[in-house]
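Single-structure report; data block below.
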Amino acid sequence: LAPYKHVVDSMMGPVVGETDHYMAAGRPEGELSNLLSDILIWGSKKFNETPDFAVYNIGGMRAALVKGKITYGDVLEVAPFENKLCLLTLSGEKVMELFEQIAMRGGEGVSHGVQLVITKDGRLKSARLNGKEIDPRASYRIATIDYVAQGNDRMEAFKAKTNLFSPQGTENNVRFFIMDYFREQMKAG
């Protein structure tokens, strides 16, 4: 196995970033859950999009990030699936339905600005976006992953999506957005 270990280590070992503390996904929220959702917003700029918010399912996050250097292999452990960044539009009514579904699951990864108050028994008490109530007649642009956009993980409100944009090339794989985000942050210090 020694010759193969060297090849695998050379592929998985490059450092893409660093974190100053342990980060894990969690319900109703966790630092990693929120960060990965924020990275979906950040990655949307590649397509000249500015989504209102992002959703990343907890089930799609398969590992935590430990304190210290983050390698390509670490990101692959966190995001092992071939999920693609996906942008779509939902009505405010469907956004509220989505938030109710997220509440029933005990929470999911959501981006900065989403404020959900969820009861212990999984009911949505209130939902705000950047401090404002959700307008049921408005349209909201959302970044997520293609698996979730299909209505999986009991987030069926996504089935009512319109204006779907989801390039399926390898370069649109979410793990590459995660790595690029960390690289950019590392360059910025």
Side-chain angles (χ1 to χ4, degrees), residues 1 4-44 46-47 51 53-88 98-99 101-112 114 116 118 122 142-159 161 164 166-186:
L1 293 175
Y4 299 106
K5 183 180 181 329
H6 174 72
V7 171
V8 170
D9 287 349
S10 68
M11 290 170 42
M12 297 299 173
V15 173
V16 298
E18 190 170 346
T19 183
D20 66 357
H21 63 281
Y22 177 85
M23 298 179 76
R27 287 192 165 96
E29 67 179 324
E31 283 186 303
L32 184 61
S33 320
N34 294 347
L35 175 63
L36 293 181
S37 299
D38 287 342
I39 290 172
L40 295 180
I41 297 282
W42 176 87
S44 299
K46 175 180 178 180
F47 305 109
F53 67 94
V55 176
Y56 199 125
N57 64 323
I58 300 289
M61 303 172 204
R62 293 305 175 111
L65 292 174
V66 296
K67 179 180 177 179
K69 306 267 186 232
I70 300 166
T71 66
Y72 178 97
D74 295 330
V75 173
L76 192 60
E77 286 181 20
V78 168
F81 305 110
E82 296 300 313
N83 292 323
K84 309 293 188 242
L85 175 63
C86 188
L87 295 137
L88 55 87
L98 171 67
F99 288 160
Q101 292 163 354
I102 288 172
M104 284 190 292
R105 294 182 52 74
E108 293 289 349
V110 294
S111 59
H112 184 80
V114 176
L116 305 179
I118 301 171
I142 305 162
T144 190
I145 58 175
D146 52 356
Y147 175 79
V148 174
Q150 296 165 10
N152 291 312
D153 274 359
R154 292 185 275 168
M155 290 184 266
E156 295 193 7
F158 278 123
K159 291 181 179 179
K161 65 190 167 290
L164 175 66
S166 183
Q168 292 301 300
T170 304
E171 70 283 354
N172 194 36
N173 191 308
V174 170
R175 78 174 61 100
F176 296 123
F177 288 103
I178 296 168
M179 285 185 262
D180 289 345
Y181 174 84
F182 282 127
R183 285 181 188 117
E184 183 176 287
Q185 296 303 307
M186 206 160 73

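Position 1 is the first residue of the sequence, and the numbers go up from there.
A salt bridge is absent between E18 and K67; no separation between the charged side-chain nitrogens and carboxylate oxygens falls under 4.0 Å.
Rounding to the nearest 0.5 Å places OG of S37 at 12.0 Å from CD1 of I142. A distance of 14.0 Å separates CG in L85 from CZ in R175, rounded to the nearest 0.5 Å. The line from OH of Y147 to OH of Y56 is 12.5 Å long, rounded to the nearest 0.5 Å. Note that CD1 of I39 and CZ of F177 are 11.0 Å apart. Values are rounded to the nearest 0.5 Å. Between the CG atom in D38 and the CH2 atom in W42 there is a gap of 12.5 Å [rounded to 0.5 Å]. Taken to the nearest 0.5 Å, the OG1 atom of T144 stands 4.5 Å off from the CZ atom of F158.
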Inset, instruction - Go through the steps to decide whether I102 and M155 satisfy the test side chain to side chain contact (heavy atoms under 4.5 Å, CB included), and finish with yes or no. - result: CA-CA 7 Å; I102 288 172; M155 290 184 266; 3.9 Å; yes
Inset, instruction - Show your reasoning for whether side chain to side chain contact (heavy atoms under 4.5 Å, CB included) applies to E108 and R27. - result: CA-CA 6 Å; E108 293 289 349; R27 287 192 165 96; 2.9 Å; yes
Inset, instruction - Apply side chain to side chain contact (heavy atoms under 4.5 Å, CB included) to Y181 and L35, showing your working. - result: CA-CA 10 Å; Y181 174 84; L35 175 63; 3.8 Å; yes
Inset, instruction - Begin with the C-alpha distance, continue with both residues' side-chain angles, and end with the deciding distance and a verdict on side chain to side chain contact (heavy atoms under 4.5 Å, CB included) for I70 and V78. - result: CA-CA 11 Å; I70 300 166; V78 168; over 6 Å; no
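Residues A79 and I178 approach most closely at CB-CD1, 3.9 Å, considering heavy atoms. Of all the heavy atoms in G151 and K159, the pair that sits closest is CA-CG, 4.1 Å. Across L32 and A63, no two heavy atoms sit closer than the pair CD2-O, 3.3 Å. In terms of heavy atoms, K84 sits closest to S166 at CB-OG, 4.4 Å. Closest approach of D74 to T71, counting heavy atoms only: OD2-N, 2.9 Å. The shortest heavy-atom contact between A149 and L88 is CB-CD2, 3.6 Å.
Under the 3.5 Å distance criterion, the side-chain polar atoms of N172 are matched with a main-chain donor or acceptor of P167. In terms of modelled atom types and a separation under 3.5 Å, the side chain of R105 and the main chain of D153 share a donor-acceptor contact.
The neighbour count for K46 NZ, taken as heavy atoms of other residues, nucleotides or ligands under 6.0 Å away, is above 12.
Side-chain contact between S111 and L40 is absent, with no heavy-atom pair separated by less than 4.5 Å. Between N57 and N152, every side-chain heavy-atom pair lies at or beyond the 4.5 Å cut-off.
No option in Q185, M179, M186 other than M179 meets the side chain to side chain contact (heavy atoms under 4.5 Å, CB included) test with R183.
No side-chain donor-acceptor contact under 3.5 Å links T170 and N173.
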